Amino acid sequence: MTTIIKQVKTRAELKKFIRLNYEMYKDNPYSVPDLYEDMLNTFSTDKNPAFEFCEADYFLAYQGDKIVGRVAAIINRRANETWNKKAVRFGWIDFIDDPEVSKALIDTVKAWGKERGMTTLEGPLGFTDMDAEGMLIEGFDQLSTMATIYNYPYYPKHMEALGLVKATDWVELKLKVPEKLPDGYARVADIVKRRYNLRVRKLHSVKEIKRTGIGYTIFDLINEAYAPLYGYSKMTKGQIDQYVNEYLPILDLEMVTLIEQADTGELVAVGISMGSMSRALQRAHGKLWPLGWWHLLKALKLKHAPILDLLLIGVKREYQGKGVNALLFADLIPIYIRKGYKWGETNPELEGNEKVQAQWKFLDGQIHKRRRCFTTDL
């Protein structure tokens with residue numbers, strides 16, 4: 001059947017774009033649906049601060065009256081300037097197992113990018129690094145996280161058939177929470193603390209975060225630490241405002257650890273983790289209403305999952321590779337043990353990032369997922 005591509009122009013069409021992923025994966029035990037309300041904000045120019053430096057259009061693929069695929073075409077001008085390239089990104093891509101559909105979607109993004117002077121295609125990527133990125137190529141039988149993409153095994157096969165090649169891979173690790181703090185972390189943490197005159201700082205309330213402005217300091221550090229990572233674009237004040245006001249307040253602050261210079265109070269490192277929301281999002285069917293909020297609230301405040309997500313770990317550039325991460329884990333691991341967590345999930349980590357890989361050496365862990373960013377010249 002002929003595939004027709006239509007640009008999303010109305011709110012009703014945007015709703016169909018967002019919910020297509022849920023419809024395709026609602027019976028899949030490993031896929032975690034995006035929260036519909038969050039996605040509406042992500043795709044809205046007046047709600048997502050990334051539109052300060054991005055432009056995007058969204059497309060649906062139809063066969064007859066049936067929607068059979070979707071894709072977002074994105075240009076992140078800030079990232080292109082940073083990395084000196086002219087790249088158009090494809091993101092939020094889904095399609096049935098029909099080569100005609102995947103080709104039509106990718107060709108649409110290529111044409112959209114060419115019209116705007118782009119010379120390279122890459123993806124799956126979002127507006128920024130804070131969005132889900134990378135197509136799953138290994139670990140199809142593993143539960144996804146709320147911050148990552150799940151896709152069927154045929155997706156990467158379609159990309160390869162279309163001539164797209166590997167730009168970079170990310171790996172994700174599943175880490176067993178130990179019964180006690182590993183001696184390696186305790187020993188290195190003690191040495192590093194004394195050698196560099198560092199201290200652990202804990203946050204105690206949202207009021208403290210707002211009064212001290214520490215939330216902005218945290219994301220300034222993330223900007224610095226993540227700057228060398230593939231495709232990263234520095235977060236703007238608007239983006240940081242959003243993360244500070246919307247996301248920091250829902251965290252269990254016991255599971256947020258800061259490392260500071262003892263004399264000056266300068267922020268040196270940050271570790272942010274939270275209980276997994278994967279099963280709660282599945283039970284909520286990706287929507288807050290009518291009862292989805294209850295499943296999310298229960299997971300956040302009443303009965304957390306046995307798995308935790310290691311959301312953000314950042315270390316100031318001049319302290320990287322010096323064991324500062326051990327100080328973070330020396331504080332956090334006893335908290336994980338006390339709260340009853342059994343496993344931790346890392347966020348995607350670039351496969352060649354040896355500094356990040358090395359920080360897990362004292363834990364029983366394994367790489368259980370791998371995802372890829374594809375690219376091709378236009």
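Scope of the values below: all heavy atoms of this structure, side chains included, with no hydrogens, waters or symmetry mates. In this text, all values refer to a predicted model and were calculated from it rather than measured experimentally.
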Under the side chain to side chain contact (heavy atoms under 4.5 Å, CB included) criterion, do Asp34 and Ile18 qualify, and how do the steps go? CA-CA 8 Å; Asp34 293 319; Ile18 294 170; 5.8 Å; no
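- Using modelled atom types and a 3.5 Å distance limit, the side chains of Gln282 and Arg279 yield a donor-acceptor pair.
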Check step by step if salt bridge (charged side-chain N to carboxylate O under 4.0 Å, His left out) holds for Lys85 and Glu122. CA-CA 11 Å; Lys85 58 185 177 183; Glu122 58 185 11; 3.1 Å; yes
Evaluation steps, ring pair (Phe, Tyr, Trp, His ring centres under 6.0 Å), between Phe362 and Phe329: CA-CA 10 Å; Phe362 299 122; Phe329 299 129; 9.8 Å; no
Go through Asp241 and Tyr216 one step at a time and tell me if the side-chain hydrogen bond (donor to acceptor under 3.5 Å, both in side chains) criterion holds. CA-CA 8 Å; Asp241 282 342; Tyr216 297 94; 2.7 Å; yes
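- Using a 4.5 Å heavy-atom threshold, the side chains of Trp92 and Tyr58 count as separate.
- For Lys16 and Phe59, the positive end is not near the middle of the six-membered ring at less than 6.0 Å and at most 45° from its axis.
- Counting all heavy atoms, side chain and backbone alike, Ala167 lies closest to Tyr230 at CB-OH, 3.5 Å.
- For the pair Thr346 (side chain) and Leu173 (backbone), a donor-acceptor distance under 3.5 Å is present.
- Looking at Thr375, its side chain does come within 3.5 Å of a backbone N or O of Leu121 through a donor-acceptor pair.
- Between Leu363 and Pro182 there is a side-chain heavy-atom pair separated by less than 4.5 Å.
- Pairs passing the ring pair (Phe, Tyr, Trp, His ring centres under 6.0 Å) check and including a residue from residues 335-356, sequence neighbours excluded, read His304-Tyr341.
- Using a 4.0 Å cut-off between charged nitrogen and carboxylate oxygen, Lys339 and Asp252 count as a salt-bridge pair.
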May I have the step-by-step check of salt bridge (charged side-chain N to carboxylate O under 4.0 Å, His left out) for Lys202 and Asp331, ending in yes or no? CA-CA 10 Å; Lys202 303 298 287 187; Asp331 179 72; 2.9 Å; yes
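- For the residue pair Glu254 and Leu332, the shortest heavy atom distance occurs at O-CD2, 4.1 Å.
- Between Asp183 and Arg187, none of the side-chain N atoms (NZ, or NE/NH1/NH2) sits under 4.0 Å from a carboxylate O, so this pair counts as no salt bridge.
- Under 3.5 Å, the side chains of Thr3 and Glu100 contain a donor-acceptor pair of N or O atoms.
- The hydrophobic clustering, which links ILVMFWY residues whose side-chain heavy atoms are closer than 4.5 Å, places Leu60 and Met24 together.
- In plain terms, the two heavy atoms of Leu181 and Pro334 that are nearest each other are CD1-CD, 4.4 Å.
- Here the side chain of Gln63 pairs no donor or acceptor atom with the backbone of Ile4 at under 3.5 angstrom.
- Annotation: cation-pi pair Arg77/Phe53 absent, no NZ/CZ under 6.0 Å from the ring centroid and within 45° of its normal.
- Side-chain atoms of Thr236 come within 3.5 Å of backbone N or O of Gln239 as a donor-acceptor pair.
- The closest side-chain heavy-atom distance from Trp293 to Leu296 is not below 4.5 Å.
- Counting heavy atoms from C-beta outward, Ile259 and Arg201 have side chains that stay 4.5 Å or more apart.
- Contact detail for Pro49 and Gln242: the closest heavy-atom pair is CD-OE1, 3.6 Å.
- Both Leu203 and Leu248 sit in one connected hydrophobic cluster of ILVMFWY residues. Membership requires side-chain heavy atoms under 4.5 Å apart, directly or through other members.
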Working note: Leu258 + Ile214, criterion side chain to side chain contact (heavy atoms under 4.5 Å, CB included); need CA distance, chi angles, decisive distance, verdict. CA-CA 10 Å; Leu258 311 181; Ile214 189 63; 3.8 Å; yes
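- Under the 4.5 Å side-chain criterion, counting only non-hydrogen atoms from C-beta, Asp364 is not in contact with Leu175.
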Tell me, with the steps shown, if Arg371 and Glu172 meet salt bridge (charged side-chain N to carboxylate O under 4.0 Å, His left out). CA-CA 8 Å; Arg371 55 188 67 251; Glu172 296 170 50; 2.6 Å; yes
Show, in sequence, the C-alpha distance, side-chain angles and deciding distance for Asp309 and Thr145, and conclude whether the side-chain hydrogen bond (donor to acceptor under 3.5 Å, both in side chains) test is met. CA-CA 8 Å; Asp309 289 344; Thr145 68; 5.0 Å; no
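- Looking only at atom types and distance, the side chain of Tyr25 has no donor-acceptor partner in the side chain of Asn151 under 3.5 Å away.
- A side chain to side chain contact (heavy atoms under 4.5 Å, CB included) with Val88 is found for exactly one of Leu125, Ile74, Val109, namely Val109.
- Remark: side-chain polar atoms of Arg89 are not paired, donor with acceptor, to backbone N or O of Ala73 under 3.5 angstrom.
- A side-chain N or O of Asn197 and one of Asp263 form a donor-acceptor pair less than 3.5 Å apart.
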Evaluate salt bridge (charged side-chain N to carboxylate O under 4.0 Å, His left out) for Glu266 paired with Lys316, printing each intermediate quantity in order. CA-CA 10 Å; Glu266 178 189 20; Lys316 199 171 181 63; 3.6 Å; yes
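- Annotation: Tyr30 is not in aromatic contact with Phe140 [ring centroid separation under 6.0 Å not met].
- His368 and Glu345 form a side-chain donor-acceptor contact under 3.5 Å, judged by distance and modelled atom types alone.
- A donor-acceptor contact under 3.5 angstrom links the side chains of Glu349 and Trp360, judged on distance only.
- Taking 4.0 Å as the cut-off between side-chain N and carboxylate O, Glu351 and Lys166 count as a salt-bridged pair.
- For the side chain to side chain contact (heavy atoms under 4.5 Å, CB included) criterion with Val71, the lone passing option out of Phe95, Trp112, Phe90, Phe17 is Phe90.
- Between Asn325 and Gln320 the shortest side-chain heavy-atom distance does not fall below 4.5 Å.
- For the residue pair Asn223 and Tyr232, a side-chain donor N or O sits within less than 3.5 Å of a side-chain acceptor on the partner.
- You'll find the side chain of Met135 reaches within 4.5 Å of the side chain of Ile93, heavy atoms only.
- For Asp94 (side chain) and Asn21 (main-chain N/O), no donor-acceptor pair under 3.5 Å exists by modelled atom type.
- Put simply, the side chain of Thr42 reaches to within 4.5 Å of the side chain of Phe127, judged on heavy atoms.
- No donor-acceptor distance shorter than 3.5 angstrom exists from the side chain of Glu23 to the backbone of Arg19, with no hydrogens or angles considered.
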